[in-house]
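For this chain, numbers begin at 1 and follow the sequence in order.
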Amino acid sequence: MKLQQTKTYVEAAKELPVVGSYDVVVAGGGPAGIGAAWAAAKHGAKTLLVEHANCLGGMAVPGCMSHWVGTTGGSVYREILNRCKNDPWECERITDGNIHVINHEKQKLVILELLEEQGVDILLHTDVAGVCMEGKKITGIITESKSGREVIECKIVIDCTGDGDVAAFAGAKYTLGREGDSKMQPVTLMFKIAGVDPDRAIAPCSFESLVEVPKGEIQDLGKKHLPKPAGHVLLYPCTIPGYVVVNMTNVIDIDGTNARDLSKAEIICMKQIPEIVKFLREYAPGYEHCYVISSAANVGVRETRHFAGLYTLTGEDIVEGRTFPDWISTRNAFNFDIHNLEGSGLDKNGAQKYFRSKGTYTVPYRCCVPVEIDGLLFSGRNISGTHKAHSNFRAMPICCGIGQGCGTAAAVALKDGVELRNVDVSKVQTLLEEDGVSL
């Protein structure tokens, strides 16, 4: 659906209103943005969080992700989990074993309350459309919304957009997708079903979860009967009995930085949903009477831009469980969750059930600092890392921990009056430890 550019139009220049001035602007309200905004505000920075959706949470809320997968030493992530667990709805079943499972509506409020307590200003329904620069330094962002195009001045921007939109507008160097061919992981539209028998329902939770059902093995049946490039079966029970989150739509060869590709992906995924429900009713025990109740606000994009930072995190760093002297995110653990770039299931370079490492790993501050641009930090899945490493650190808890580290670093830079690349990371680590983050 890429259109060949044959004509141009010169838009008339106009003056844009400056509608705010902040110490820190956090772009993107997903897990990384939540951690970054909370930490920056807690440590004294006047902070604004800008989000294009109607709520915060990113893939953890409007993205309809089933659960917080992976772990981190970040305390903001743990606080979200604990608040959701300690205030259960009457209809919920919450145990220590499923504390990571997400009730999307409840988590919306928990996240808002968490940030409001720290005095974070929140601007929803707003996209970042550009940046203000003085040389190689960002001095503000240009937003686009129902209010028109506006400027918000700031001293620091933390890019938590996932795709690194702010960094790209600023001219930061990046590559797309996998090294060598720029192919990116598939995208998925998560959706939720009800009418599931919780006592009989199967719950294959990974590509390597093989479940025998009356008509065969469920993953084999999925490959045979689901519309390609869908073909795997991933089902996650909610905290509310009878509800299940489905991670089974699949579209390959999508560039998540291209609106036409995203439109194509949304349409394909929506058309896959009825076929998936039909499949579950026929082949999955406990799903005979299931039906769709909601789908995510947007497809989940797993991979796009990898930015050039002062250090590039590698798969070897993760397998070796490395502790870097300039750590800002600790005790990170996940697997190489590389979805098949050619179809359904796990990519040949991925490893889930059989992933092995020497321990948890840390994320160094240098991965979040651009090679050239000042006034900017990468945070979340857009930090400097390889295709393989990215498949691990893109997990939501890890992104939240990276955000907490970046928000703290921004506050230290402001207090000390130094550029972000010159921050004394030992001061950042001291504050993180005081906030409950430790090695």
>> Evaluate Tyr22 against Asp121 for side-chain hydrogen bond (donor to acceptor under 3.5 Å, both in side chains), listing each step before the verdict.
In response: CA-CA 10 Å; Tyr22 287 85; Asp121 286 348; 2.7 Å; yes
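Counting heavy-atom neighbours within 6.0 Å of Lys173 NZ, excluding the residue itself, gives a total of 12 or less. Counted within 6.0 Å of CZ on Arg200, heavy atoms from surrounding residues, nucleotides or ligands total more than 12; the atom is thus considered enclosed. For His289, the NE2 atom sits in a loose shell: 12 or fewer heavy atoms of surrounding residues, nucleotides or ligands are nearer than 6.0 Å. Within a 6.0 Å sphere centred on CZ of Phe324, heavy atoms belonging to other residues, nucleotides or ligands number more than 12.
Looking at Thr143, its side chain never comes within 3.5 Å of a backbone N or O of Val128 through a donor-acceptor pair. Judged by distance alone, the side chain of Glu288 and the main-chain N or O of Arg281 form no donor-acceptor pair under 3.5 Å. Between the side chain of Asn392 and the main chain of Phe334, a donor-acceptor pair closer than 3.5 Å is present. Remark: side-chain polar atoms of Asn332 are not paired, donor with acceptor, to backbone N or O of Phe393 under 3.5 angstrom. Distance alone, capped at 3.5 Å, is enough to place a donor-acceptor pair between the Thr126 side chain and the Leu124 backbone. A distance-only check finds no donor-acceptor pair linking the side chain of Gln107 to the backbone of Ile102 [under 3.5 Å]. The main-chain N or O of Ala129 is never found under 3.5 Å from a side-chain atom of Asp127 such that the two would form a donor-acceptor pair. Side-chain atoms of Asn335 never come within 3.5 Å of backbone atoms of Phe355 as a donor-acceptor pair (strictly under, hydrogens ignored). Side-chain atoms of Lys108 do not come within 3.5 Å of backbone N or O of Val61 as any donor-acceptor pair. Within the 3.5 Å criterion, the main-chain N or O of Gly436 finds a donor-acceptor partner in the side chain of Arg78.
Considering CG of Asn382 and SG of Cys367, their distance stands at 11.5 Å, rounded to 0.5 Å. The line from CG of Leu49 to CD of Gln118 is 13.5 Å long, rounded to the nearest 0.5 Å. Atoms CD1 and SG, on Ile293 and Cys238 in that order, are 7.0 Å from each other to the nearest 0.5 Å. To the nearest 0.5 Å, atoms CG (Leu313) and OG1 (Thr386) are separated by 7.0 Å. Distance check: Tyr287 OH to Glu282 CD gives 16.0 Å after rounding to the nearest 0.5 Å. Here Lys271 contributes atom NZ and Thr249 contributes atom OG1; the two are 14.5 Å apart, rounded to the nearest 0.5 Å.
Smallest separation of non-hydrogen atoms from Asn349 and Lys388: O-CE, 3.5 Å. In plain terms, the two heavy atoms of Thr72 and Gly401 that are nearest each other are OG1-CA, 4.2 Å.
Comment: Glu105 does not engage Lys192 in a salt bridge, judged by the lack of any side-chain N to carboxylate O separation of less than 4.0 angstrom. Between Arg83 and Glu79 a salt bridge is recorded (basic side-chain N to carboxylate O distance below 4.0 Å). Checked for salt-bridge contact, Arg394 and Asp337 meet the test: a charged N lies under 4.0 Å from a carboxylate O.
Considering only heavy atoms from C-beta on, Thr175 stays 4.5 Å or farther from Ser182 through its side chain. Side chains of Phe378 and Ile373 form no contact here, defined as non-hydrogen atoms less than 4.5 Å apart. In this structure, the side chains of Trp327 and Leu439 come closer than 4.5 Å at one or more pairs of heavy atoms. Contact annotation: the side chain of Ile138 never approaches that of Phe169 to less than 4.5 Å [non-hydrogen atoms, C-beta and beyond]. Annotation: side chain of Leu48 is in contact with side chain of Leu123 (closest heavy-atom distance under 4.5 Å). A 4.5 Å side-chain heavy-atom check between Met184 and Asp255 finds at least one atom pair inside the cut-off. Residues Cys290 and Val244 fail the side-chain proximity criterion, which asks for heavy atoms closer than 4.5 Å. Pro237 places none of its side-chain heavy atoms less than 4.5 Å from the side chain of Pro198.
A salt bridge (charged side-chain N to carboxylate O under 4.0 Å, His left out) check over residues 290-318, counting only residues at least two apart or in different chains, returns the pairs Asp165-Arg305, Glu316-Arg322, Asp317-Arg322. Within the structure, side chain to side chain donor-acceptor pair (under 3.5 Å) pairs that include any residue of residues 29-49 comprise Lys42-Asp435, His43-Asp435 (at least two apart or interchain). The side chain to side chain donor-acceptor pair (under 3.5 Å) pairs that include a residue from residues 220-239 are Glu92-Thr239, His225-Tyr283, where partners are two or more places apart or lie in different chains.
Screening Arg381, Gln185, His339 for a side chain to side chain contact (heavy atoms under 4.5 Å, CB included) involving Ser391 leaves a single residue, Gln185.
In the model, Glu266 has no side-chain atom that pairs as donor or acceptor with a side-chain atom of Asn298 under 3.5 Å. No side-chain donor from either of Thr161 and Asp163 sits under 3.5 Å from a side-chain acceptor of the other. Checked by atom type, the side-chain pair Thr330/Thr362 shows no donor-acceptor distance below 3.5 Å.
The aromatic rings of His387 and His306 lie perpendicular to each other, with more than 60° between the two planes, well past the 30° mark.
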